[in-house]
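Written below as structure tokens is the structure these notes are about.
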Amino acid sequence: MTYKEHRFICLVQDISEKGVFLICNYNLKVGWVLEVRFEMEHGIEFSARIKVCHVDNGCFGAEIVELSPKSKTVLQQFLNSRFVDQSDLPERRVRF
């Protein structure tokens, strides 16, 4: 994860079509827009711009504000593969 010239290590705890919940040991600020990049599955990269919405004791929730077409497809395929029978739900989540 990066913010300007700063790089942070984080752990993705939860992801949905609209946002992510991450664990991070750095003092992040609500409103920051960060770049994230990680493997959604082995060998399948995902990247996005996220905006920090809330921070609480080393964890933070962020809205996905920008996705490349490739990352959007990767995310949709990932969620669809985990929630085959739940495609009609307004929001689908998976915990890592």
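The one candidate from K72, E39, M40 that meets the side-chain contact (heavy atoms from CB on, under 4.5 Å) condition with F46 is M40. For the side-chain contact (heavy atoms from CB on, under 4.5 Å) test with F60, the passing option among V30, V20, V52 is V52; the others fail.
Distance NZ/K18 to SG/C53: 12.0 Å, rounded to 0.5 Å. Rounding to the nearest 0.5 angstrom, the gap separating the OH atom in Y26 from the SG atom in C10 is 10.0 Å. From L75, atom CG reaches atom OG of S68 across 10.5 Å, with rounding to the nearest 0.5 Å. Interatomic distance, NE2 of H6 versus CE of M1, reported as 12.0 Å (0.5 Å rounding). To the nearest 0.5 Å, atom CD of residue E66 and atom NZ of residue K51 are 13.5 Å apart. Atom CG of N80 is separated from atom OG1 of T73 by 10.5 Å, given to the nearest 0.5 angstrom.
Across every non-hydrogen atom of L79 and S16, the tightest pair is CD1-C, 4.1 Å. Closest non-hydrogen pair, A48 versus L67, comes out as CB-CD2, 3.5 Å. Looking at every heavy atom in both residues, C59 comes nearest to I23 through SG-CG1, 3.9 Å.
Follow the hydrophobic side-chain contacts under 4.5 Å out from L11 and you never reach L28; the two are in separate clusters. Both L22 and F8 are part of a single hydrophobic cluster, where members link through side-chain heavy atoms under 4.5 Å apart. Linking Ile, Leu, Val, Met, Phe, Trp and Tyr residues whenever their side-chain heavy atoms come within less than 4.5 Å leaves V33 and V55 in two separate clusters.
Ring orientation note: the planes of W32 and Y3 are close to parallel, at an angle under 30° on the 30°/60° scale.
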request  = In sequence, state the C-alpha distance, the side-chain angles, and the governing distance for I15 and F78, and then conclude on side chain to side chain contact (heavy atoms under 4.5 Å, CB included).
outcome  = CA-CA 10 Å; I15 190 165; F78 179 80; 4.3 Å; yes
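Partners of E45 by side-chain hydrogen bond (donor to acceptor under 3.5 Å, both in side chains), not counting sequence neighbours: none found.
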